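Just below is one structure, and these are the notes that go with it.
In this text the structure is predicted, and so the values were computed from the model without any measurement. Every chain is numbered from 1, with letters handed out A, B, ... down the list of sequences.
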Amino acid sequence: MSTVVKIPLRYRIPWKKIALYVLAVAFGLYLVLPFYWIVAMSFMHEVDAISVPPHWIPVHPTLENYLGFVRPDDAQQLVGGRAVSETPYSLRNSLIVATSTAVLNLVLATFAAYSFSRLKFRGSQVLLVLYLLTRMVPGIAIIIPFYLLMRSFGLLDTYLALILSYTTFALPITIWILKDFFRSVPRELEEAARVDRCGWFRTMWTVFLPVAAPGLVAAAVFAFMTAWNEFMFALFLTSSKAAKTIPVVAANFATDFNTQFTVMAAAGVLAVVPPLVLALLFQRKLVQGMAAGSVKG
Amino acid sequence: SNGKSGGGGSSDGSVKFEGWDYEAALVQQNLDNFTKTSNIKVDYTPITSAQYVQKVVAEFTGGGGPDALYVYDDSLAAWVEGDYLQPLDGLPGVDAVYDAIYPGNAEAMMYGGKRYGLPYYTDSNCLIYNAEILSKAGISKPPASLDELEAQAVKIKNAGLLQYPIGLPAQLSDTWWAWVWALVYGSGGNMFDDQQAPIMNTSDHVTKDVLTWLQHAANTTKVIDPASLQLLPVPVDNAMKANRYAFTIGARYALRDYNDPAKSKAAGKMKMALMPSLDGKEHGTISNTRLYALAKDTEVKDNAVKLLTYLGGLGADNKPYTARFWFLQRGLGFAYKAMATDPEIVAALKKFADPAVYAHLAEIAKPRNVLGVPWYTEFETEMHKVVQGVLSNQTQPSAAVDSLAQTAGTLKKKYS
Amino acid sequence: MVAFTERRPLGDNAKAWALNAPAMVVIALLVAYPIGYSFYVSLQKHNLKRPRAKRFIGFDNYKALLSDHAFLSALKVSALFVLVVLGLTVVLALILALVLNERFRGRGLLLSLALLPWAMPGVVNGLMWRTIFDAKTGALNGLLQQLGVIDSYHAWLTSGTGAFLFTALAQVWNTLPFSVIILLAGLSTIPSELYDAATVDRAGAWRRFTQVTVPWLLHPLLIVLILETMNAFRAFDTIYVLTGGGPGDATTTIALLDVQTVLTFTDFGLGSAYAWVITAITLLISVGYIGLLYRKGNFEA
Amino acid sequence: MAEVRLEGVSKTFGGKTVVDNLDLTVEDREFLTLVGPSGCGKSTTLRMICGLERASAGNIFFDGKPVSWLPANKRDVSMVFQSYALYPHKTVRQNIGFALKMMRVPKATIEEQVRQAARTLDIEDLLDRKPRELSGGQRQRVALGRAIVRDAGAYLLDEPLSNLDAQLRVLMRAEIKRLHVDVARTFIYVTHDQVEAMTMSDRIAVMRDGVIQQCATPEEIYEHPANRFVASFMGSPPMNFLTGDLTQESSTSFFRSPALTQALPGPVPRGSSGQVVLGVRPEYITLSTTPVDGHHPGKVFVAEPLGPDVLVTVRIEGELIRARVPTPFRLGHDSTVYVGFNPHRLHLFDPTTGAALQ
Amino acid sequence: MAEVRLEGVSKTFGGKTVVDNLDLTVEDREFLTLVGPSGCGKSTTLRMICGLERASAGNIFFDGKPVSWLPANKRDVSMVFQSYALYPHKTVRQNIGFALKMMRVPKATIEEQVRQAARTLDIEDLLDRKPRELSGGQRQRVALGRAIVRDAGAYLLDEPLSNLDAQLRVLMRAEIKRLHVDVARTFIYVTHDQVEAMTMSDRIAVMRDGVIQQCATPEEIYEHPANRFVASFMGSPPMNFLTGDLTQESSTSFFRSPALTQALPGPVPRGSSGQVVLGVRPEYITLSTTPVDGHHPGKVFVAEPLGPDVLVTVRIEGELIRARVPTPFRLGHDSTVYVGFNPHRLHLFDPTTGAALQ
Ligand SMILES: Nc1ncnc2c1ncn2[C@@H]1O[C@H](COP(=O)(O)OP(=O)(O)OP(=O)(O)O)[C@@H](O)[C@H]1O
Ligand SMILES: Nc1ncnc2c1ncn2[C@@H]1O[C@H](COP(=O)(O)OP(=O)(O)OP(=O)(O)O)[C@@H](O)[C@H]1O
Ligand SMILES: [Mg+2]
Ligand SMILES: [Mg+2]
């Protein structure tokens, strides 16, 4: 019986780990610093926000930029007061619209993407490119006819108008995204499910989609963000707090007359929080490995 | 809020009213007051100012436009041509309004000989200076000529007070660059004749000379901040308020903020002066007008006209109620001559500006004479780029005016 | 021999079209008309300011583009912009995705941060960058000065090159998340045993990357390329807010020109023609990418 | 369900025919084993029966009813995939219980049956693991568990024991056999393990290049191979083959090759070409150190111990003959031995067609 | 590279130790086979040697140099993965040639070597296919080809033949053996096939629950198993075990159990508890129909044909004893037979520790 040598005989400098952390920190800074500046500004008075040299940490920290959102009366005092009072509603609207868009998109795209990943059919390539084509016409070219269309459907200033338009935006790309992920789900899994007496839908629901989860999450995030960010269609298709989304309202903080940097910063922070929370909830799924250990060969 | 055809008036006679979102809360407050007294409901939608024009265009194109709305004088011609608006001639009280306002404003609200609006507010441009900085540099009087302006700036610069004493909002954006026009009008020149033919490279040297001065001040004496190319109006305001420029060219209205101790470190030091000219003489300045207008397809014309009158016209007491409201609340410029002598107004005005200069500017200001041409926006946009070229020394003034004239020619042809 | 009987299930063709039907219906219902309409408009002289002058002119709008100085210059700027933004985005996104695909402390945090720019509405994003790049009070100036990199505040956006690069940088920040997420999700589908096999086959990190990762990522990469090209070609928000297209024409991209033409100049005919040129170019490029990558990456696990 | 019948079933992949006009009937409750060289089309055949692959031609009947157009989930078959195809996102418990869940078996029953199966497969303590945390053999057992836990009309097992050790394999073999008896259903089993094929099957179908060579009971296959391929394929180490001529002398036939002459009992037919191939299995060869009548002298080429037996290769005039003899075998390389063939265990084949000559 | 040494190597997965303080030295050029029940840690051990898995404790040395911190690509080992791990996006040719490409072997040489390997593996006509289009056995051969085509300091083969038919397996076995001789490198081989283990190995290491039970030559393992586990694991069907007492009478020892009494040659040690377990392999049991001295009468329980042999289970007073006897065996169920143990092939084990008593 030999003694267990627990001490490594030759320790190697873990270059990979070091590089990893260096990169992670560098990217982290690149990603967060601009946003940090917004966050810091949102806790500053207007005067401090434009001071030279800049205050990286608010010197006279204040919540006033946020309090306006919950105390609409105070908001009246501010330039863009109406926008301030509309912010909570717009957040709600954005959440509803973006979530619905994501869900509707996933459903529609899943069907289509499945066909591209699993079935051999005539015209599949053409159809794929055709889908893309609908996305390639810049929004600016179709906004007016789209507006007319929605008007004739009587959908102006409703969630549905936004959900539908964002769905058409996101759908082609979502299909593209999903078809790739579907492709990497081993066919045998589906076959096993069929043998286990699942019909197509059940196979999709119980086996196929869970395994393709990273792709689904990526696609859902994509659709959600598309809806969350879109400005022009939201501007044209909505007019009241019943449907205005956060980008439209946030734009109100920046008028020609006065740009309320700090209030806008606060609105920006608020606008970023919901998707970020969702991202935190789903990030595990996104990096979960797919199909490990399921098939041999 | 989406009626079948134009106008969008609903059965209860309420007026659909749209404006850009400046002080939307105050607007609502004022409208509530109107509803209280007139019993006419107003359905008010403020629209992000940056996209105001676009959205209104979309609405009118789609047939869901408002009954009454704000209009920029820049957009008036297009919107009349686009059949969005209807003239107000012959409506009760309109003549009285046009008599009571400055001619420049009246001119700006007319197109094709017809009157299309009642004044919302107006403003004209002037030279704004920081009296404290000037006095530190030993200067007691604002400049009357451009050369003088440059010399004063050099003095300030040499005194080590400021690296760049002059700041101008010269970043590209969709808003017009009033200061260029102010410089041209301030020296008595024009870019176009009354038939809207370009003269800046032929009979009228002022534009070229002004550009030459700009080029010199920016690149030779380096008194104009090169960062101007990256400045929109708001950052310029912020810089002024922070004592970082001695001079700028801006709207009179800006001084209210500049001199507000709550918002500005330069409060009390900011003064306005007539536009300095090439020859040192007094010539004029540029003005703009924002108006209330009436949609062509409105189904509630009577109510809408009542609203317009409340907002832009004269009240029963023959006083412009809303124009006074805006001045007292926010210092917005007024088109009504009589207000310049209204004691209450003067008292309020004194807090931030010299009432005499203020009124004098209104008298000599005139609108751009090319507002009515369909290609004005394109020209203005092109002009900004050309002026940026001059400021950054990429373009020579003579080439600049040639290019402007050529642009005007091309655009004219395009729209013929 | 007994004939094949019973209900014949749908063939692949029929099944595929049935599966595509919902998506196709939604798209056809909602965008077919606008798209067709916009193409029709592009064949017209149609400026809202002069509705009475509206008329059909065939491809004159397009022909005019060939001699349209503004258009040609914008095309050049756009091409360069796409090149820079796309290059940076893809490289950075790939690196970031690779980092995120590793296990380390704080991965969840970094992943959330990676999504952050995406969650920011364009307007806010634009204004954020404006306050950062501001020549007088900008955070970038402040930071660099405090770090001793510069002595005095610079006006970053006043030179053509500066404006172009900084705008591109802001755009990259904004479009990075999409690419990262797609690539990351793509990475997570690579069976780890392939890396094991490649390692045993003496492939070092780089070869593993080129031989296993890249082939596997070709399709996600394809999407990233297509979408980011599209995005870069249409980039508007950020550029508009930061430079308005200036100084001069330095950052006037074709998208900016298009939006300006449609919304500011209300020239729908010409604007639609611009839009269709953008469409054609992005489509061409995309088809190019597809031709280049689709087949190579088209294998099944 | 019971009888599985394939009529003229073919399968082509991109022009290459991998299953060729196959006719096969598996009786109700029969245990049929499919064997054949790697790539001969066994899995493809199973997959067609299962409904995962559509036959390019021909028909499949379950109990006389055509099922060619029936999808797998309607065919009521259970299958062990050669590649396992475990659900990576489900635990072992969920993997095994999945089909039951789909059949709406009550939760408690599922749990009970899963546990029962897991006990049988000796993976009870792995029930909460995910497939990626299992060893190869454990995964295979989960795959097997998934197929046997449920009730099905036919059980299709594609090399279900290939990754298990001998002990476990013996146990599993017994379990599968027992299941077959218990549920009394049709089993179609693919294996490359001869012992498995021989011990478990009612019948064995030997395939080659997509064609069934012989389908008969294990004894029949072993003792009366239909052709040289079957003869050589079944039995390990394989049968020895010698090519030579057949001569008839009074009541005895003689096989003559350059290496040796062997008397054959009784009259025997001639190959189509006049030549014949003589086949003899290694275990029907005896070796002696002293000359014996009818034995052929040769030299030991190599001796490989197989535990209880030794596989001895003997060279007789340039021909290599392999014999399996009991341990111990103590002769070294080049020692002389006398090789005797059991005359009742000799096979003759046509040298061109390979068909057995009877 | 040559000698592979493991010192106190352990591996834990989430608290569960699957390889436990392993000490093992594989000599230069040795062919060592790892066997053991499914899940005992064979693959894990290989993966640690290979550098794919980091040992939780202990060290690994190649030629005396510690390699614990060396990544797999620097270790100069070649490996066949139990799960193949083929590159799905590469053709068979590219799969096999990949390692060579990584080693910057000239293109022409790669092509030549790949073709050579493919010929050996009989997959020459599949070179342009993608793994997806291969049968299970073909995939496995590609995996094998990938490992053997290249030159490496040590070859690690994890059940490389499990999905091949017997014929092919015999051929491949020979090829691997030949390769071993040709390249003269260290081979570590995992298999569950006893024949493979017995015929190919220089030494066999028998593992159980992450612990090596015995590491010795095949003969040693077979004839002198270190403990009851090894004795039962090696050999199929497994050794028979009987528990009883040992008594010494003059020069002879006697084993007495309720079922039978067996004389043992020479003096033998006693188990720690006083009891012993007697082990005898089925092939060292003879059955006779007539009583023989020292044989034990019993009744035939079941007889299973295995081709050349028959596995006969005999019941002696409630104990089941399995014997492997040559075909033919013609006695039916419940016939009386007389069971004789070869007295020189008997093993004794401690009933509590299981250790062999010598
Ligand atoms: N990632 C993992 N997490 C948890 N346990 C694991 C993991 N990988 C392997 N194991 C466990 O470690 C033990 C040893 O696994 P290993 O793969 O080495 O077995 P093996 O001897 O190769 O078995 P087989 O013959 O079945 O392939 C098994 O019990 C297995 O369940
Ligand atoms: N998708 C495919 N495309 C082309 N050829 C295929 C495909 N699937 C299988 N084949 C070929 O069909 C033949 C039969 O394959 P099959 O999987 O049925 O073999 P098998 O008998 O199960 O072999 P093994 O014992 O190796 O698993 C093989 O030669 C294989 O290469
Ligand atoms: Mg197979
Ligand atoms: Mg293993």
Side-chain angles (χ1 to χ4, degrees), chain A residues 106 110-111 114-115 117-122 124 178 181-220 281-297, chain D residues 43 46-47 49-53 70-90 92 94-105 129-140 142-143 146-147 149-156 158-159 162-163:
Chain A
L106 276 194
T110 295
F111 289 128
Y114 182 85
S115 74
S117 71
R118 283 291 192 260
L119 305 175
K120 280 208 170 75
F121 63 103
R122 281 157 149 288
S124 60
L178 285 184
F181 290 99
F182 286 2
R183 189 190 50 145
S184 39
V185 178
R187 233 176 241 261
E188 281 97 332
L189 289 186
E190 259 177 280
E191 296 175 345
R194 296 310 285 272
V195 172
D196 281 347
R197 315 206 60 173
C198 295
W200 186 79
F201 275 98
R202 238 188 222 254
T203 303
M204 291 298 281
W205 188 249
T206 53
V207 173
F208 192 84
L209 296 178
V211 176
L216 290 177
V217 173
L281 288 180
F282 282 106
Q283 48 114 337
R284 236 169 226 296
K285 283 275 165 209
L286 201 58
V287 291
Q288 126 196 343
M290 232 159 108
S294 78
V295 291
K296 171 176 169 169
Chain D
S43 299
L46 276 202
R47 289 169 55 82
I49 295 173
C50 188
L52 297 174
E53 207 85 66
L70 224 53
N73 52 319
K74 300 270 175 63
R75 289 202 188 181
D76 191 23
V77 292
S78 171
M79 173 149 166
V80 178
F81 288 78
Q82 190 174 10
S83 64
Y84 314 160
L86 303 180
Y87 307 122
H89 59 297
K90 294 184 188 292
V92 169
Q94 291 165 331
N95 262 284
I96 299 180
F98 186 66
L100 297 176
K101 194 168 144 204
M102 292 303 108
M103 294 159 93
R104 295 177 205 289
V105 174
R129 296 235 197 123
K130 294 269 176 77
R132 67 165 167 280
E133 302 164 336
L134 300 179
S135 80
Q138 288 164 344
R139 288 179 199 174
Q140 190 165 42
V142 176
R146 204 167 54 173
V149 77
R150 55 177 278 220
D151 183 49
Y155 293 78
L156 312 176
D158 198 349
E159 308 203 1
S162 62
N163 269 51

Pairs of heavy atoms under 4.5 Å with chain D: top-ranked of A:Cys198, A:Pro210, A:Gly199: A:Cys198
Student check: side-chain heavy atoms of A:Asp196 and D:Arg150 closer than 4.5 Å: yes
Distance in Å, D:Tyr87 OH paired with A:Glu190 CD, rounded so as to fall on 0.5 Å steps: 10.5 Å
Heavy-atom neighbours of A:Phe208 CZ exceed 12 at 6.0 Å: yes
Main-chain N/O of A:Arg194 paired to D:Asn73 side chain as donor or acceptor, under 3.5 Å: no
Contact origin within D:Lys90 toward chain A - heavy atom pairs under 4.5 Å: side chain
Side-chain heavy-atom pair D:Asp76, A:Arg197 within 4.5 angstrom cut-off: yes
Pairs of heavy atoms under 4.5 Å with chain A: top-ranked of D:Met79, D:Gln140, D:Lys130, D:Arg47: D:Arg47
Short side-chain to backbone donor-acceptor contact, D:His89 and A:Thr206, under 3.5 Å: yes
Contact summary for D:Ala85 and A:Ala192, nearest pair of heavy atoms: O-CB, 3.7 Å
A:Leu189 versus D:Leu86, closest heavy-atom pair with distance: CD2-O, 2.8 Å
